[in-house]
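Chain A is the first sequence line, chain B the second, and so forth, proteins listed ahead of strands; every chain is numbered from 1. Just so you know, these numbers use all the heavy atoms, side chains as well, and skip hydrogens, waters and symmetry mates.
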Amino acid sequence: MKFTVKQIATLLGGEVAGSETLAITGLAKIEEGKPGDISFLSNLKYEPFLYTTKASAVIVDQSFQPKQPVSSTLIFVENSYSAFAQLLEEYYRQLSFARIGVEQPSYVGEGSQFGEQIYRGAFSYIGKNCQIGQNVKIYPHAYVGNNVRIGDNSIIHPGARVLDNCIIGKNCVVHPNAVIGSEGFGFAPQPDGSYKTIPQLGNVILEDCVNVGSGTTIDCATMGSTIIRQGVKLDNLIQIGHNVDIGRNTVIAAQTGVAGSTKLGENCVIAGQVGFAGHLTIANGTKVGAQSGVGKNVEEEGISLNGSHAFLMRDNMRSQAIFRKLPALEQRVTKLEKKTEK
Amino acid sequence: MKFTVKQIATLLGGEVAGSETLAITGLAKIEEGKPGDISFLSNLKYEPFLYTTKASAVIVDQSFQPKQPVSSTLIFVENSYSAFAQLLEEYYRQLSFARIGVEQPSYVGEGSQFGEQIYRGAFSYIGKNCQIGQNVKIYPHAYVGNNVRIGDNSIIHPGARVLDNCIIGKNCVVHPNAVIGSEGFGFAPQPDGSYKTIPQLGNVILEDCVNVGSGTTIDCATMGSTIIRQGVKLDNLIQIGHNVDIGRNTVIAAQTGVAGSTKLGENCVIAGQVGFAGHLTIANGTKVGAQSGVGKNVEEEGISLNGSHAFLMRDNMRSQAIFRKLPALEQRVTKLEKKTEK
Amino acid sequence: MKFTVKQIATLLGGEVAGSETLAITGLAKIEEGKPGDISFLSNLKYEPFLYTTKASAVIVDQSFQPKQPVSSTLIFVENSYSAFAQLLEEYYRQLSFARIGVEQPSYVGEGSQFGEQIYRGAFSYIGKNCQIGQNVKIYPHAYVGNNVRIGDNSIIHPGARVLDNCIIGKNCVVHPNAVIGSEGFGFAPQPDGSYKTIPQLGNVILEDCVNVGSGTTIDCATMGSTIIRQGVKLDNLIQIGHNVDIGRNTVIAAQTGVAGSTKLGENCVIAGQVGFAGHLTIANGTKVGAQSGVGKNVEEEGISLNGSHAFLMRDNMRSQAIFRKLPALEQRVTKLEKKTEK
């Protein structure tokens, strides 16, 4: 990022007190600001840092009046907190889409087509007959198989793997070393105790605005599609089995696993290290606590589950509370037994 | 895949009613069939779809008699379900081994030798003195270290890492981003609280017909070998510690971890997110439920374990059932106490 | 490794009985020794193997006197066990740093600088303005983003990803397919149920002597740094969230997850598959048992926790013991109730 104070003030609709020509190259907390940084002051608990910060510029509320001399340039805006957030997003957007062009060596198979403004990093691999949209960024070491479609503004980070026939929507982000479309885990037991591979011929569909975390694995369907619907956010090291269907705007934290053919509803919030058994249907708006195991369908919308054989959160908390007192409870029973023996 | 209806009928030993020259390029469920697809009808619940499907051909039982006009070509076989399964497998086999030849750039170190019909993808890396069998497929971005042996018909998917001195048998599949032979986690505590690395000099041996899922990590032995025996199937994101030994035809679901030096028996079935402590011996045919933690040897063959401090499944289920009623149980005890106080 | 017996004897300060010119190319247990190997005899339980081993040389204690003829060359040292350990370390050190030079094709961006004795493998990628120290080994398929610093003697294994602006200290090892500095999982819920990405602009700092296991993911901070302090050892498939801070010499076993902004103390020992909630502070020297879930701050130093809603290990063990007997306990209560009803 490289802006002048004036450019930033214009972007935010603010007024400048101080030098308008200063170059801004980074963002920082007010207590950590260095020359070239821009920061902000919203919570007045941090006001003392305003008088000592080395940041070149600080965004403050219109209503704010300094009580001591300030060496930084000030930008007055209506709401300093949301103005800074806006700046952060603009900076982040520019950073995310900064890379344009093709680095060599990189590999493209026959019949693949690309939109404008794309980036293909060195050692990236794109198979045959792919359709890659505008402004897509394919980082070094990313692998895209045959017949893959990737929508506009999506980012495939270093070492991510998108296997044959998968479809990725617009505005998706696939983080480093994620695997999309690897073969589902299906084996038929044979009479001699060995297993025979069940062919896995389907694909994975990520709808628009899906986030797939680093090292997360999403298996392709046996036939048909494993579907991750619009706006779903998956954290790192998550396992999604074959033929799973995850509803819109559901969020799943790291290291959770969803076994094959399970259907999660929309707007669910799933914590980390949760496990879902296969072939379940989970209602919209379900919340599941960390490390829970869900082994049954959830039919009622909007409930909260917890515990390794997950049942209702409130009930589980009460059982947990007594679990901690079990030794005392047993002693009480023993005492009663002695008493009644007499 | 590209076959005529006639070729498929010959493969399946079936008789054709309709056009024998139609080109078949895909397989689909009868309700999702498109022109160019072949489908099947076995369960008559799906018969209505036969009269509306767009599939070019449908495999049906010899005994089947359509009740309405059918626009698809029909192939009559003894058992339509198993004929379709046979076709699926043939299609899958052709797909898996379709890639032949060398894409550039790719890297091969001195002294490495290759069988026939192999595929080496662009950006694949093969170190020194490797022996790679016939019909082996090494995908783009796969890494094979020095002195590695890979048996016939094995597939190393994109981004998989096979480190120095490892041995991979015949008919193995190593899925994307799996890591085989990384250093075991061994550190000796020092008097100052720091840790010194214990050299890890062994390797990993995968015997024949082993499946290693995406993102799964298998550490090399400290000395000697970590051994994954014939027919073992490992799902995604599994951790196998150094010097582990997994018996023939054992199946392990995703996100399970096996700590160092543990020996799992043959024909075990381990569910997802299970943890095994180190230095255990687990008998043949043991079944372990999802999210269980196994901290003790299992000596009796064929038993089922469950629970975070896993014990016998049946006992655990009964304890779990009462766990849910703990609050009520405590109240009963309190009531009894009051009663006996009188 | 290729040494003569004489060179090894000199290194260990030992005396040779037998041929000094024999070439030694490997290390092995005495019962598995082959020609070219060196082995050792410390525990006299293994003495019978000395008279049958095929190892070219065996290290023995000064005080040892063979009772039968020995075909291997013997090296007499003060303490055979620690001499062998010393040899193992020397061998391992040589192996780890054996690769020197640049393989092609590999990629280096503008402005990046390298120390001496480095290795850059084929298909490795190094971005712009990186500073890479002496004796650093960057394996094939490793990705290093822009503005990264890597200290002397650090090893970046195949397929590891180090993203923009991260800092890696001296003597670190980043194992295959680990991801350092991917975006933290931060999303702000919107009124329509969708989520907006919160920009993640910070980095990851690994101090000196840090080990990052295969497939482990460490997210960058939202702003500022995720910090892994000196001597920390992380096993495989661990998830470290944004803004986490892990204290010196803490060791974490495989598949554990630490949620965002949690601060672990120094010298902690964390077992496998543990989960830490976010925004916690965990005291120095805390020990946590496998599969535990830690949801509260730990203020007292040096305590041991266990259980899915982790509390004190001792208390938890007692509760677990009774949990197994819950069905019997309930029957006892029911019996009491009947008795007192009378």
Measuring heavy-atom distances to chain C, does [X] have an atom under 4.5 Å in its side chain, in its backbone, in both, or in neither?
X      : result
A/I238 : neither
A/V232 : neither
A/R332 : neither
A/Q230 : neither

- Using atom types as modelled and distance alone, determine if a side-chain donor or acceptor of A/Q255 lies under 3.5 Å from a backbone N or O of C/L237. yes
- Any sub-3.5 Å donor-acceptor pair from A/N177's side-chain atoms to C/V179's backbone N or O? no
Interatomic spacing from [atom1] in [X] to [atom2] in [Y] - rounded to 0.5 Å:
X      : Y      : atom1 : atom2 : value
C/I218 : A/S214 : CD1   : OG    : 11.0 Å
C/S124 : A/H141 : OG    : NE2   : 7.0 Å
C/D219 : A/N236 : CG    : CG    : 4.5 Å
C/F276 : A/Q273 : CZ    : CD    : 10.0 Å
C/S194 : A/R248 : OG    : CZ    : 9.0 Å
C/E183 : A/D235 : CD    : CG    : 12.0 Å

- Shortest non-hydrogen separation from C/F185 to A/L234 and the atoms involved: CE1-C, 3.5 Å
- Task: Measure across A/N249 and C/Y195 and return the closest heavy-atom pair with its distance rounded to 0.1 Å.
- Result: O-CE1, 3.4 Å
Less than 4.5 Å to any heavy atom of chain A: does that hold for the side chain of [X], its backbone, both, or neither?
X      : value
C/A328 : neither
C/V274 : backbone
C/A178 : backbone

Do [X] and [Y] come close enough that some side-chain heavy atom pair is under 4.5 Å?
X      : Y      : result
C/Y125 : A/P158 : no
C/Y143 : A/Y139 : yes
A/N211 : C/T197 : no

Please indicate whether [X] has more than 12 foreign heavy atoms, meaning atoms of other residues, nucleotides or ligands, lying under 6.0 Å from its [atom1].
X      : atom1 : answer
A/Y46  : OH    : no
A/R99  : CZ    : yes
A/K170 : NZ    : no

- Return yes if a side-chain donor-acceptor contact under 3.5 Å exists between A/H157 and C/R161, otherwise no. no
- Query: Would you call C/K196-A/E89 a salt bridge at under 4.0 Å N-O?
  - Reply: yes
- Message: With a 4.0 Å cut-off on N to O distance, would you call A/E337 and C/K335 a salt bridge?
- Response: no
Among the options [options], pick out the one with the most heavy-atom pairs lying under 4.5 Å from chain C.
options                : result
A/G272, A/G159, A/C209 : A/G159
A/N267, A/V173, A/V333 : A/V333
A/Q104, A/H175, A/E103 : A/E103

